[in-house]
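One structure is given below, encoded as structure tokens.
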Amino acid sequence: MRDVAAITGTETLEELARFYAGDAAPETAENPLAPEALRYLQQAVALFSWLKIIPTLDAHHDENGRRALRGENEAALTALEQYKDEANIRHLAFEAVDALIETLDRAQFPFWTQSRKYRLRRGLLIRDKETFDEYYTTGSHRLFLTLLPMIREVQQATVAPLMGRDLLARLLDGDAEIEDRTGDTARRAIALLTMKKAVERLPVEVLPDGVVQVNQSSPVNQKLRAEKEARAAVAAALDEDAARYLRQLSDAVAEIRAEGAVVDFFVPGPIVHSKGISF
């Protein structure tokens with residue numbers, strides 16, 4: 001259950017566990033989506049549990065140590081086959097978590113909207129998975145929750161100093177003029193820089209298929225080295241694209257701040273010195 005709690009927070013697990021035991025709050029018990037949320041939670045917990053069990057199932061432990069446990073005519077999986085099997089189970093577990101978070105967002109359970117994980121969205125320019133997907137498609141609710149601290153980091157460290165507190169506050173408050181002139185560019189830069197940090201920091205297993213694509217048939221250790229090189233290339237491309245949008249944002253902010261400023265048309269006269277005239 002800790003694997004799910006790390007993504008959704010403990011409040012979700014505790015309340016859905018109470019619903020399973022028949023002791024949930026009325027706003028949870030009376031919500032028609034509560035059984036669906038519980039089912040996805042159970043599926044995710046089961047799959048994550050299975051991942052922890054299967055490495056030991058093929059091993060036999062006795063007083064002589066550990067050895068493979070197979071029948072006379074049984075053949076063991078290769079290392080690559082084991083890797084693919086466990087990767088697929090992990091993928092199914094993450095899909096169950098995705099479905100759980102999507103259901104929580106649709107139902108707007110009070111225990112969810114008041115949880116620490118949900119409150120991380122406050123004060124951000126990108127507050128939901130659908131908005132993030134407009135600028136970089138991941139298709140993953142649980143990845144969006146994982147990215148929230150990085151989104152805040154990028155917004156505070158990069159976009160806020162560039163825009164200034166006053167313009168950023170107006171943008172967060174829904175000022176139509178600032179939104180039209182800076183909103184799309186600021187969000188696009190945040191999304192690209194967030195994905196750059198995700199590609200660099202997060203384990204490749206938690207990234208959905210397609211974020212870093214490696215198509216090859218080779219031993220597992222070579223595949224992991226290739227993925228490392230692919231991640232570095234993707235991060236560099238994201239950084240380059242984000243820099244372009246940050247320059248556009250800087251130009252837009254400069255235009256906004258220049259409006260209404262008094263222009264000084266004074267042109268100084270020529271300066272005569274020993275080597276000629278300068279202006």
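- For Glu30 (side chain) and Glu27 (main-chain N/O), no donor-acceptor pair under 3.5 Å exists by modelled atom type.
- Side-chain atoms of Asp173 never come within 3.5 Å of backbone atoms of Asp175 as a donor-acceptor pair (strictly under, hydrogens ignored).
- Glu11 contributes no side-chain N or O that, together with a main-chain N or O of Lys117, makes up a donor-acceptor pair within less than 3.5 Å.
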_Applying side-chain contact (heavy atoms from CB on, under 4.5 Å) to Asp128 and Asp105, what does each step give before you reach the verdict?_
CA-CA 9 Å; Asp128 52 61; Asp105 283 344; over 6 Å; no
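- For the pair Leu162 and Leu249, the tightest heavy-atom approach, listed with the atom from each and the gap, is CD2-CD2, 3.7 Å.
- Ile54 contributes atom CD1, which lies 4.0 Å from atom CD of Glu86 (distance to the nearest 0.5 angstrom).
- Ile190 is not listed as a side-chain neighbour of Leu124, based on a closest heavy-atom distance of 4.5 Å or more.
- Closest approach of Leu145 to Ile7, counting heavy atoms only: CD1-O, 3.5 Å.
- Atom OH of residue Tyr118 and atom CZ of residue Arg127 lie 10.0 Å apart, to the nearest 0.5 angstrom.
- Ion pairing between a basic and an acidic side chain is recognised when a charged N comes within 4.0 Å of a carboxylate O; Glu240 and Lys196 show no such pairing.
- Scanning all heavy atoms of the two residues, the minimum distance from Thr146 to Arg142 falls at OG1-O, 2.9 Å.
- Side-chain contact between Ile151 and Phe144 is present, with at least one heavy-atom pair separated by less than 4.5 Å.
- No side-chain donor-acceptor contact under 3.5 Å links Arg116 to the backbone of Gly9.
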*asked:* One pair to check against side-chain contact (heavy atoms from CB on, under 4.5 Å): Leu147 and Met195. What are the steps and the verdict?
replied: CA-CA 8 Å; Leu147 295 178; Met195 286 309 304; 3.8 Å; yes
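- Both Phe109 and Leu13 are members of a single hydrophobic cluster when ILVMFWY side chains are connected at heavy-atom separations under 4.5 Å.
- Lys197 and Val154 get closest at one heavy-atom pair: CE-CG2, 3.6 Å.
- A heavy-atom distance below 4.5 Å is not found between the side chains of Tyr135 and Leu192.
- A heavy-atom distance below 4.5 Å is not found between the side chains of Leu41 and Tyr20.
- Here the closest non-hydrogen pair linking Trp112 and Leu104 is CD1-O, 3.4 Å.
- Of the possible donor and acceptor atoms, one in the side chain of Arg187 sits under 3.5 Å from a partner among the backbone N and O of Leu125.
- Glu15 and Arg18 are joined by a salt bridge, as a carboxylate oxygen and a charged side-chain nitrogen come within less than 4.0 angstrom of each other.
- The backbone N or O of Arg181 sits nowhere less than 3.5 Å from a side-chain atom of Thr185 that would complete a donor-acceptor pair.
- Put simply, Ile101 and Met150 are part of the same group of oily side chains (I, L, V, M, F, W, Y) that touch within less than 4.5 Å, one to the next.
- Note that the CD atom of Glu95 and the CD atom of Gln43 stand 8.5 Å from one another [nearest 0.5 Å].
- No side-chain heavy atom of Lys129 sits under 4.5 Å from any side-chain heavy atom of Glu102.
- Here the side chain of Arg165 pairs no donor or acceptor atom with the backbone of Ala160 at under 3.5 angstrom.
- Here the CZ atom belonging to Phe48 is positioned 14.0 Å from the CD1 atom belonging to Ile53, to the nearest 0.5 angstrom.
- Contact check for Asp166 versus Arg257: side-chain heavy atoms found under the 4.5 Å cut-off.
- Using a 4.5 Å cut-off on side-chain heavy atoms (C-beta onward), Val159 and Leu193 make no contact.
- Contact check for Gln82 versus Asp85: no side-chain heavy atoms found under the 4.5 Å cut-off.
- Taking CG from Leu100 and CG from Leu38, the interatomic distance works out to 9.5 Å, rounded to the nearest 0.5 Å.
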*Before giving the answer on side-chain contact (heavy atoms from CB on, under 4.5 Å), spell out for Lys52 and Asp3 the whole-Å C-alpha distance, their side-chain angles and the decisive distance to 0.1 Å.*
CA-CA 11 Å; Lys52 290 176 170 55; Asp3 291 321; 2.3 Å; yes
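- Not one N or O on the side chain of Arg122 forms a donor-acceptor pair closer than 3.5 Å with the backbone of Arg119.
- Note: Ile126 CD1 to Arg121 CZ = 12.5 Å, rounded to the nearest 0.5 Å.
- When every heavy atom of Thr182 is checked against every heavy atom of Ala252, the shortest pair comes out as CG2-CB, 4.1 Å.
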*Between Leu238 and Tyr136, does a side-chain contact (heavy atoms from CB on, under 4.5 Å) hold up when you go through it step by step?*
CA-CA 10 Å; Leu238 290 169; Tyr136 196 102; 3.5 Å; yes
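- Although no hydrogens or angles enter the test, the distance criterion places no donor-acceptor pair under 3.5 Å between the side chain of Ser250 and the main chain of Arg247.
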